[in-house]
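Scope of the values below: all heavy atoms of this structure, side chains included, with no hydrogens, waters or symmetry mates.
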Number of protein chains: 2
Amino acid sequence: MKGNAVYKRSYNGCLSICETLAPGAEMPSENEISQSLSVSRTTIRAVMAGLEAAGILTRQGASRRLTRRPEPTDAFPDTQTVSTSATVERRFLEWILQGHIGPGHLLTAAELARQFGTSTTIIREHLPHFQHFGLIERRPNSAWLFKGVTPAFAHEIYDVREMFELRAARSFIALPDPSPPWQRMRTIEREHRALLADIDTGYALFPDLDERLHRTVHETADNRFIKDFYDIISMLFHYNAQWDAEDEKQRAFTALSEHLAYIEALLRRDLKAIDRACRQHLKTARSNLLRSIELRLKKPPSL
Amino acid sequence: MKGNAVYKRSYNGCLSICETLAPGAEMPSENEISQSLSVSRTTIRAVMAGLEAAGILTRQGASRRLTRRPEPTDAFPDTQTVSTSATVERRFLEWILQGHIGPGHLLTAAELARQFGTSTTIIREHLPHFQHFGLIERRPNSAWLFKGVTPAFAHEIYDVREMFELRAARSFIALPDPSPPWQRMRTIEREHRALLADIDTGYALFPDLDERLHRTVHETADNRFIKDFYDIISMLFHYNAQWDAEDEKQRAFTALSEHLAYIEALLRRDLKAIDRACRQHLKTARSNLLRSIELRLKKPPSL
DNA sequence: TCCTTGCATTTTATATGCAAAGAGCAAGGC
DNA sequence: GCCTTGCTCTTTGCATATAAAATGCAAGGA
């Protein structure tokens with residue numbers, strides 16, 4: 001009734017630990033392992049039993065020793081190590097962002113449960129989450145209205161993003177030079193330069209760098225609502241990026257240059273330059289999103 | 001397994017319709033009633049059957065006629081006309097805002113279900129909602145951390161509120177004079193003057209007026225995230241107001257005056273005055289909230 | 001033709017059941 | 001005295017069950 005993704009993930013985690021051990025060596029204590037994998041000791045004990053059954057470990061009184069090196073086939077496939085809930089979330093967002101349904105479409109929990117092969121419980125737990133994303137709207141005692149990933153959606157999300165980012169930038173420059181965010185920012189600046197120099201082979205690393213830059217700024221605002229909103233943006237962009245790979249290198253290049261102007265202005269504490277660079281960057285990002293949305297609205301459910 | 005709050009609410013709604021009818025008169029069609037009460041015809045049919053059983057209506061072929069005037073005792077009590085879900089939401093917010101638990105407290109779904117007398121299903125559906133409010137934070141596979149209604153919470157919520165309100169005010173003054181929001185605003189201005197003149201007896205009407213003013217402004221921003229955030233604020237204030245009745249009249253008076261300055265600036269399209277009046281008003285509101293929060297932190301769970 | 005009601009089917013709201021995972025205590029070894 | 005394991009009890013994740021409510025269609029009447 002309850003999946004065992006935690007067990008499988010921990011099992012794989014323990015296999016990694018085993019690999020660092022010489023045959024015959026003793027396993028760390030249940031406590032140590034459970035802490036390093038952030039799960040309960042109960043789970044670790046179950047995993048240990050599994051590893052013994054697989055002939056990887058042998059018990060001798062209170063201690064467990066490695067009897068054979070684990071092989072790649074011992075591990076559970078990655079797909080089984082994620083909870084149903086997380087899987088549904090991912091699949092739903094992908095489905096939405098790939099444009100399989102249009103604005104105005106009605107979503108019923110029962111149908112979604114069938115489509116994703118789970119129970120309505122899970123679906124009902126997730127729909128409010130997507131409402132928070134601004135993607136759907138509730139009709140009481142009835143279905144959910146899909147509002148669509150439309151140009152309006154992009155503008156609304158970017159209007160808020162701009163307000164939040166500009167506000168956060170002000171908190172950022174209020175911090176002293178030696179503060180951790182400033183140190184991180186200087187590292188990020190260096191990484192930007194390095195990536196720019198090596199754009200042809202490294203452009204795929206950009207999204208991660210992008211996220212770290214903006215999060216570093218946002219964090220200084222020390223505001224849960226701003227952070228929470230950036231979580232939405234971040235998730236949306238993550239899935240959006242997966243199918244909008246066109247011009248990826250060119251876009252990364254432009255964004256890196258704009259970021260550098262922004263970062264320099266931040267480090268100079270030049271408010272006017274910050275506003276200018278930030279607005280310019282968000283403007284570009286907004287039109288990238290708009291472009292990909294409009295592309296999708298034209299050629300529908302193909303993907 | 002499913003409550004029948006919809007039935008009871010609709011039953012009461014039909015009783016109201018009956019009261020407008022002369023004895024012997026014919027009821028409207030099932031369709032008409034279901035539309036006016038925003039429920040399905042199925043529910044109306046069930047209600048009709050109930051009204052017949054109660055001797056209020058009699059069927060004659062396809063038509064239903066009023067046989068006796070409904071009495072107050074015919075109606076279901078209001079408490080039974082709200083869904084379990086809505087009840088839990090209200091009770092949970094009240095409980096939180098009354099300060100029965102402090103920041104750092106761990107909330108378990110099982111315990112909350114026991115406390116509120118429902119199943120964990122309902123609780124699990126609501127907890128993410130309160131996370132959206134910024135009140136709680138999830139620990140994976142475990143309990144929820146209550147972050148507390150603290151001064152920090154008030155500041156974070158007001159920082160965002162200020163950004164949104166100022167932004168919305170700019171959209172408001174971009175609209176032409178005859179637009180519906182402007183018309184509504186002029187009505188709201190008149191209501192403010194009327195309430196100020198009659199503050200001693202009418203101050204309890206202020207919260208509703210307050211909400212209408214801010215919503216009128218927010219709506220013009222035409223941004224789902226801004227609206228959504230105002231929903232949070234609105235709900236929070238609604239429940240907060242219920243136990244923070246001290247100085248209510250004085251506070252309403254101050255707010256009305258500040259509102260009027262804000263409204264006048266808006267209607268004059270005077271950007272500087274708008275910013276000044278808006279900031280002043282939100283500053284007052286922020287300190288009112290802070291005051292009530294600090295009061296509560298001092299004298300704990302008593303209420 | 002457009003509403004009307006009756007009826008059959010689907011979906012929602014909520015509770016319950018159950019395996020997996022977490023929490024905590026007690027007893028023993030270093 | 002601290003950390004270990006064993007064990008028990010609680011809580012979580014998810015599926016399923018069921019009454020209430022919604023939806024949709026067919027047939028009849030104005």
Side-chain angles (χ1 to χ4, degrees), chain A residues 1-10 27-35 37-49 59 61-64 83-88 106-114 117-127 138-144, chain B residues 1-10 27-35 37-49 59 61-64 83-88 106-114 117-127 138-144:
Chain A
M1 298 246 159
K2 178 180 186 174
N4 53 353
V6 177
Y7 171 85
K8 290 178 177 168
R9 194 166 354 124
S10 309
M27 281 295 275
S29 80
E30 294 172 0
N31 252 320
E32 271 177 273
I33 304 178
S34 80
Q35 273 165 25
L37 297 180
S38 308
V39 292
S40 76
R41 200 161 60 79
T42 307
T43 302
I44 296 304
R45 302 189 98 228
V47 168
M48 292 303 168
R59 286 207 71 150
S63 76
R64 297 180 182 90
S83 68
T84 314
S85 186
T87 309
V88 165
L106 286 176
L107 301 168
T108 66
E111 195 181 316
L112 289 172
R114 251 175 273 128
T118 49
S119 68
T120 54
T121 312
I122 294 288
I123 301 290
R124 287 176 58 89
E125 229 172 53
H126 279 280
L127 287 174
R138 171 113 237 218
R139 317 250 119 149
N141 286 323
S142 176
W144 295 74
Chain B
M1 298 244 155
K2 179 181 186 172
N4 54 352
V6 177
Y7 171 84
K8 290 178 176 168
R9 195 166 351 125
S10 308
M27 279 295 274
S29 82
E30 295 173 359
N31 253 320
E32 271 178 89
I33 303 178
S34 81
Q35 272 163 25
L37 297 181
S38 307
V39 292
S40 77
R41 204 160 57 79
T42 308
T43 302
I44 297 304
R45 301 189 100 227
V47 169
M48 291 303 169
R59 288 208 70 153
S63 78
R64 297 180 181 89
S83 68
T84 313
S85 187
T87 309
V88 166
L106 286 177
L107 301 168
T108 67
E111 195 181 314
L112 289 173
R114 250 175 274 129
T118 49
S119 68
T120 54
T121 313
I122 294 287
I123 300 292
R124 287 173 60 88
E125 230 172 49
H126 278 280
L127 286 174
R138 169 114 240 214
R139 317 251 118 149
N141 285 324
S142 176
W144 295 74

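- The side chain of A/Arg139 places no N or O atom within less than 4.0 Å of a non-bridging phosphate oxygen (OP1 or OP2) of D/dT23.
- Taking only distance into account, the side chain of B/Thr42 meets the base of D/dT23 through a donor-acceptor pair shorter than 3.5 Å.
- Put simply, A/Arg41 has no side-chain N or O that comes within less than 4.0 Å of OP1 or OP2 on D/dC7.
- If you take CZ of B/Arg64 and C1' of C/dG6, they are 11 Å apart, rounded to a whole angstrom.
- Where A/Pro140 and A/Ser38 each meet DNA chain C at their nearest nucleotide, the meeting point lying more 5' is that of A/Pro140.
- Distances shorter than 4.0 Å separate none of the side-chain N or O atoms of A/Arg45 from OP1 or OP2 on D/dC7.
- Phosphate contact (OP1/OP2 of C/dT4, side-chain N/O of B/Asn31, threshold under 4.0 Å): present.
- Closest approach to the A/Asn141 side chain among C/dT11, D/dT12, C/dA13 is made by C/dA13 (side chain taken as heavy atoms from C-beta onward).
- Between B/Arg9 and the phosphate of D/dA20, there is no side-chain N or O to OP1/OP2 separation shorter than 4.0 Å.
- An OP1 or OP2 oxygen of C/dT11 is reached within less than 4.0 angstrom by no side-chain nitrogen or oxygen of A/Ser142.
- Mapping A/Glu125 and A/Ser63 onto DNA chain D via the closest heavy atom, the residue that lands nearer the 5' end is A/Ser63.
- Protein atom CE of A/Met48 is 13 Å distant from nucleotide atom C1' of D/dT4, rounded to whole Å.
- Between D/dA17, D/dC14, C/dT11, one nucleotide has an atom nearer to the side chain of A/Ala110 than all others, and that is C/dT11.
- Rounded to whole angstrom, the span from the CD atom of A/Glu30 across to the P atom of C/dA21 amounts to 16 Å.
- Nearer the 5' end of DNA chain D, as judged by each residue's closest nucleotide, is the contact made by A/Gly61, out of A/Gly61 and A/Thr120.
- Taking 4.0 angstrom as the limit, B/Ser40 places none of its side-chain polar atoms (N or O) nearer than this to OP1 or OP2 of D/dA21.
- At least one side-chain nitrogen or oxygen of A/Ser29 sits closer than 4.0 Å to the OP1 or OP2 atom of D/dT4.
- In this structure, the side chains of B/Ser119 and B/Ile122 come closer than 4.5 Å at one or more pairs of heavy atoms.
- To the nearest 0.5 Å, atoms CG (B/Leu37) and CD1 (B/Ile44) are separated by 5.0 Å.
- Rounding to the nearest 0.5 Å gives a distance of 6.5 Å between OG1 of B/Thr108 and CZ of B/Arg114.
- Separating the CD1 atom of B/Ile123 from the C1' atom of C/dA15 is a distance of 13 Å, rounded to the nearest angstrom.
- Taking every heavy atom of both residues into account, A/Ser83 and A/Ala5 meet most closely at N-CB, 3.8 Å.
- Contact between the side-chain N/O atoms of A/Thr121 and the OP1/OP2 oxygens of D/dA15 is not found at any separation under 4.0 Å.
- Counting to the nearest Å, the C1' atom of C/dT10 and the CG atom of A/Leu112 are 15 Å from each other.
- For B/Lys2 against D/dA20, a side-chain-to-base donor-acceptor contact under 3.5 Å is present.
- Across the protein-nucleic acid pair, B/Leu37 atom CG and D/dA21 atom P stand 13 Å apart, rounded to whole Å.
- Checked against A/Ile33 for a side-chain contact (heavy atoms from CB on, under 4.5 Å), the options A/Met27, A/Arg41, A/Arg45 give a single hit: A/Met27.
- Closest to the side chain of B/Arg59, from the set C/dT5, D/dA22, D/dT5, is C/dT5.
- A/Arg124 has a side-chain polar atom (N or O) that falls below the 4.0 Å cut-off from OP1 or OP2 of C/dA13.
- Residue-to-nucleotide proximity on DNA chain C shows that, of A/Thr43 and A/Met1, the 5′-proximal contact is made by A/Met1.
- B/Lys8 has its NZ atom 10 Å from the P atom of D/dA21, to the nearest Å.
- Nearest nucleotide to the side chain of B/Ser83, out of C/dT11, C/dT14, C/dG22: C/dT14.
- Within the model, atoms CD of B/Glu30 and OG1 of B/Thr43 stand 11.5 Å from one another, a figure rounded to the nearest 0.5 Å.
- Across all strands, A/Ala5 comes closer than 4.0 Å only to sugar-phosphate atoms, never to a base (heavy-atom distances).
- Counting heavy atoms from C-beta outward, B/Arg124 and A/Thr121 have side chains that stay 4.5 Å or more apart.
- Atom CZ in B/Arg138 sits roughly 12 Å away from atom P in C/dG22 (whole-Å rounding).
- In terms of phosphate contacts, A/Asn4 brings no side-chain nitrogen or oxygen within less than 4.0 Å of OP1 or OP2 of C/dA21.
- For A/Ser119, counting side-chain heavy atoms from C-beta on, the closest listed nucleotide (D/dA21, D/dT16, D/dG13) is D/dT16.
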